[in-house]
Amino acid sequence: MEHQRRSKISDLLKSKEYGKEVLVKGWVRTRRGNKNVNFIALNDGSVVHHIQVVAEVANFDENLLKLVTTGSCLAVKGVLVESQGQGQNVEIQAREIEVYGSADAETYPLQKKGHTLEFLREIAHLRPRTNTFGAVLRIRHAMAYAIHKYFNDQGFFYIHAPIITGSDAEGAGAMFRVTTLDAGNPPRLPGGEIDYAQDFFGKETNLTVSGQLEAELAAMALSLVYTFGPTFRAENSNTPRHLAEFWMIEPEMAFYDINDNMDLAEEFLKYLMQYALDHCYDDLEFLNKMYDNELIDRLKGVIGSSFERLTYTKAVEILMASGQTWEYPVSWGADLQAEHERYLVEKHFGKPVILTDYPKDIKAFYMKQNTDGKTVRGMDVLFPKIGEIIGGSQREENLDALMNRIHEMNIPEKDVWWYLDTRKFGTTPHAGFGLGFERLILFVTGMANIRDVIPFPRTPKNAEF
RNA sequence: UCCUCCUUAGCUCAGUUGGUUAGAGCAUCUGACUGUUAAUCAGAGGGUCGCUAGUUCAAGUCUAGCAGGGGGAGCCA
């Protein structure tokens, strides 16, 4: 039966070519029936829905049908017909069934009944075969594609930032060391310290925590650029919003100020929400029904809203005047806590919020300093349910001002000489932001735990698979 | 890392003031059933109660430590 072309189930479910001979291949979700007829729900991952294969028992070897278990993989040749039963429009009257691989029913861990997400995490190698993870992975793909499409259409260039970095200057968190030295017996200097001169790169190296500094270098030549790659944080964070390995999108734009930056962030996010609604509606509907009844409304809400923009100082005033009691007190100069951000987004404004002009002492060295001497042109985009989805800023383009901050924050100049060169040679105002890809997927899928929106999550004490 | 909760059959969970042989639903297996929709009906098999110590005549149940997991917090994206 190999000469015929395989039809995707997504296409067949939309087809009206009744009577046509078709070939489908996929994995069995359930088989049920009686001594006369079997119904096989087959899924090939092209769409969340299954196609129903109808097998008249008399037409098949009994031993063959026994191999058609939940989880087994089949090729089915048959005729596409209008369904006689309720629940589906089309089905396949099977003529030939080939079992590529059966799945032992006693030991196959996935049942046709639902499983908890916690259990599925323990079998992450098989969970793509569930409706939930099929939907999440298709949406994840669509968002990755939409990100590239958006930036490409806007004239941005995709920059590949290095994954191994010799700089520790991003200050974005603890790093994973990269080394080829023998951990049990590293070469040592006379004083006892490890001699990294003998390491692969001749110096200490780590996995990147951000591609931003490299993106800035490229923006100083190509004007509009973005990175989209994996980043790594060795923080001992055990929350439903953190991963040790995650993907980040970091656009960087020459000639943009903080307002241009906010405009881009807002338009970009709305584009992605709209793309999901336009291209992943079946999957969103499934997730909306199974996990989060407000998912689709929330996505539409973001698209239809105008993000509230206000300064950190104004936000502090609102919080102090709110009459709320806080676990962490609000005061100018302290970073806002999750409870404060949630109040602003979910209670006070009821829509996404962009906060700007934070105290310089709670933000990174590269942010553009305001003339008040106290604040910097940082911006955080806060979303309902997940909090900070984007963090960005206009960058400090003035060499002297940047040098001052580097000295104040004790960043070794020798580690960032190449970054400083951009301010020495042809500097210009520029801005950018970082979007955590998995945080975006959390929001778009309505899933509650970030471990369920990446195929193989890396978290403290867990690097299985 | 801090606070808190959880860990009993393949999965989801009951399990009384500590007391004989640890239960249910689903799944699996066997059988029944002429089109099912997480099919239905009948029967059967399936357990080192997370691990290690301790208290006790007796521990799934009480205590401590450890491990793993969930939720909240911090760090952040």
Side-chain angles (χ1 to χ4, degrees), chain A residues 29-41 49-58 66 69-71 81-88 91 93 103-123 130-131 170-174 209-212 230-250 290 326-328 334-342 362-364 380-383 386-392 433-443 448-454 459-462 464:
Chain A
R29 291 296 175 76
T30 69
R31 178 167 71 99
R32 53 180 174 262
N34 51 47
K35 66 181 176 186
N36 295 313
V37 60
N38 275 199
F39 302 95
I40 301 162
H49 306 296
H50 316 141
I51 197 159
Q52 175 158 282
V53 173
V54 184
E56 302 285 343
V57 172
K66 274 190 179 163
T69 52
T70 298
V81 296
E82 259 184 295
S83 180
Q84 298 170 30
Q86 302 294 309
Q88 59 277 319
E91 62 190 23
Q93 281 287 345
D104 176 35
E106 298 262 17
T107 51
Y108 183 64
L110 288 172
Q111 303 167 9
K112 49 189 161 187
K113 206 172 160 158
H115 294 288
T116 61
L117 295 168
E118 287 83 4
F119 173 67
L120 292 175
R121 268 172 228 149
E122 295 169 11
I123 51 166
T130 62
N131 286 338
E170 290 93 341
V209 295
S210 163
Q212 179 197 314
T231 49
F232 308 87
R233 307 264 170 102
E235 303 286 352
N236 191 12
S237 297
N238 296 286
T239 87
R241 296 177 306 282
H242 292 84
L243 291 165
E245 175 183 294
F246 64 100
W247 289 66
M248 192 149 63
I249 298 101
E250 295 177 289
M290 301 298 291
W326 308 107
E327 189 181 342
Y328 293 85
D335 211 351
L336 297 184
Q337 304 297 317
E339 58 176 338
H340 309 138
E341 296 181 347
R342 210 173 302 124
I362 59 172
K363 288 293 181 184
D380 284 355
V381 181
L382 309 179
F383 259 36
I386 58 172
E388 183 181 342
I389 192 169
I390 276 179
F433 60 79
L435 167 68
F437 187 52
E438 283 75 19
R439 295 248 175 113
L440 171 76
I441 306 303
L442 268 184
F443 187 77
N449 193 312
I450 202 164
R451 300 173 182 103
D452 298 327
V453 297
I454 188 168
T459 52
K461 300 284 190 292
N462 181 15
E464 191 64 57

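Per chain, numbering begins at 1; letters A, B, ... match sequence-line order.
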Going by heavy atoms in the side chains, are [X] and [Y] under 4.5 Å from each other?
{"X": "A/Arg31", "Y": "A/Thr69", "value": "no"}
{"X": "A/Glu235", "Y": "A/Val209", "value": "no"}
{"X": "A/Ile454", "Y": "A/Phe246", "value": "no"}
{"X": "A/Asn38", "Y": "A/Val54", "value": "no"}

Please tell me which of the listed nucleotides, [options], lies nearest to the side chain of [X]?
{"X": "A/Arg233", "options": "B/C75, B/C29, B/C76", "result": "B/C76"}
{"X": "A/Arg451", "options": "B/U36, B/G71, B/C75", "result": "B/G71"}
{"X": "A/Gln52", "options": "B/C75, B/C29, B/G35", "result": "B/G35"}
{"X": "A/Asn36", "options": "B/G35, B/U34, B/G71", "result": "B/U34"}

So what does [X] touch, heavy atoms closer than 4.0 Å: a base, only the sugar-phosphate, or nothing?
{"X": "A/Phe119", "answer": "sugar-phosphate"}
{"X": "A/Tyr328", "answer": "sugar-phosphate"}
{"X": "A/Arg121", "answer": "sugar-phosphate"}
{"X": "A/Gln86", "answer": "base"}
{"X": "A/Glu327", "answer": "nothing"}
{"X": "A/Thr107", "answer": "nothing"}
{"X": "A/Glu464", "answer": "nothing"}
{"X": "A/Arg31", "answer": "nothing"}
{"X": "A/Gln93", "answer": "base"}
{"X": "A/Ile389", "answer": "sugar-phosphate"}
{"X": "A/Gly387", "answer": "nothing"}
{"X": "A/Thr70", "answer": "nothing"}

- Message: So, using side chain to side chain donor-acceptor pair (under 3.5 Å) as the criterion, who are the partners of A/Asn34 when residues are at least two apart?
- Response: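 Once residues adjacent in sequence are excluded, A/Asn34 has no partner under the side chain to side chain donor-acceptor pair (under 3.5 Å) criterion.
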Base [N] paired with [X] side chain (donor-acceptor, <3.5 Å):
{"X": "A/Glu118", "N": "B/U12", "answer": "no"}
{"X": "A/Asn238", "N": "B/U1", "answer": "yes"}
{"X": "A/Ser237", "N": "B/C75", "answer": "yes"}
{"X": "A/His242", "N": "B/C76", "answer": "yes"}

Can you check the distance between [N] and [M], where both ends of the measurement are the [atom1] atom (answer in whole Å)?
{"N": "B/A27", "M": "B/U12", "atom1": "C1'", "value": "11 Å"}
{"N": "B/G31", "M": "B/G45", "atom1": "C1'", "value": "15 Å"}
{"N": "B/G15", "M": "B/C29", "atom1": "C1'", "value": "27 Å"}
{"N": "B/G23", "M": "B/A9", "atom1": "P", "value": "14 Å"}
{"N": "B/U30", "M": "B/G68", "atom1": "P", "value": "40 Å"}
{"N": "B/U16", "M": "B/U7", "atom1": "P", "value": "12 Å"}
{"N": "B/G46", "M": "B/G25", "atom1": "C1'", "value": "15 Å"}
{"N": "B/G60", "M": "B/G18", "atom1": "C1'", "value": "10 Å"}

- 5'-most contact on RNA chain B: A/Lys461 or A/Asp380, nearest heavy atom basis?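 Going by which nucleotide is closer to the 5' end, it is A/Lys461.
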- Nearest-nucleotide 5' precedence on RNA chain B, A/Thr116 against A/Gly85: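 Taking each residue's closest nucleotide, the earlier one in sequence belongs to A/Thr116.
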- Message: Dot-bracket for RNA chain B, please. Rules: Watson-Crick or G-U, both distances under 3.5 Å, ( ) within the strand, [ ] when a pair crosses earlier ones, | for another strand, . otherwise.
- Response: (((((((..((((.....[...)))).(((((.......))))).....(((((..]....))))))))))))....
In this structure, how many angstroms lie between the [atom2] atom of [N] and the [atom1] atom of [X], rounded?
{"X": "A/Gln111", "N": "B/U28", "atom1": "CD", "atom2": "P", "value": "7 Å"}
{"X": "A/Gln84", "N": "B/U36", "atom1": "CD", "atom2": "P", "value": "10 Å"}
{"X": "A/Phe39", "N": "B/C33", "atom1": "CZ", "atom2": "P", "value": "16 Å"}
{"X": "A/Glu91", "N": "B/U36", "atom1": "CD", "atom2": "C1'", "value": "10 Å"}
{"X": "A/Glu56", "N": "B/G35", "atom1": "CD", "atom2": "C1'", "value": "9 Å"}
{"X": "A/Asn34", "N": "B/G35", "atom1": "CG", "atom2": "P", "value": "5 Å"}
{"X": "A/Ile123", "N": "B/C11", "atom1": "CD1", "atom2": "C1'", "value": "10 Å"}
{"X": "A/Asn236", "N": "B/U1", "atom1": "CG", "atom2": "C1'", "value": "6 Å"}

Look only at the side chain of [X] and the backbone of [Y], and say whether a donor-acceptor pair between them is shorter than 3.5 Å.
{"X": "A/Thr239", "Y": "A/Arg241", "answer": "yes"}
{"X": "A/His49", "Y": "A/Gln88", "answer": "no"}
{"X": "A/Asn462", "Y": "A/Glu464", "answer": "yes"}
{"X": "A/Glu250", "Y": "A/Gly211", "answer": "yes"}
{"X": "A/Gln52", "Y": "A/Phe39", "answer": "no"}
{"X": "A/Glu341", "Y": "A/Leu382", "answer": "no"}
{"X": "A/Gln212", "Y": "A/Phe433", "answer": "no"}

- Message: Just to verify, what does A/Thr130 make a side chain to side chain contact (heavy atoms under 4.5 Å, CB included) with, not counting sequence neighbours?
- Response: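 With sequence neighbours excluded, A/Thr130 shows a side chain to side chain contact (heavy atoms under 4.5 Å, CB included) to A/Leu110, A/Leu120, A/Thr132, A/Phe133, given in chain and number order.
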- Partners passing salt bridge (charged side-chain N to carboxylate O under 4.0 Å, His left out) against A/Arg121 (at least two apart in sequence or in another chain): A/Asp452
- Within residues 335-342 of chain A, the residues having a heavy atom closer than 4.0 Å to RNA chain B are A/Gln337, A/Ala338, A/Arg342
- Message: Within the 4.0 Å limit for protein heavy atoms, which parts of nucleotides 41-52 of chain B are touched? Write it as a string from 5' to 3', B for base, S for sugar-phosphate only, - for none.
- Response: ------------
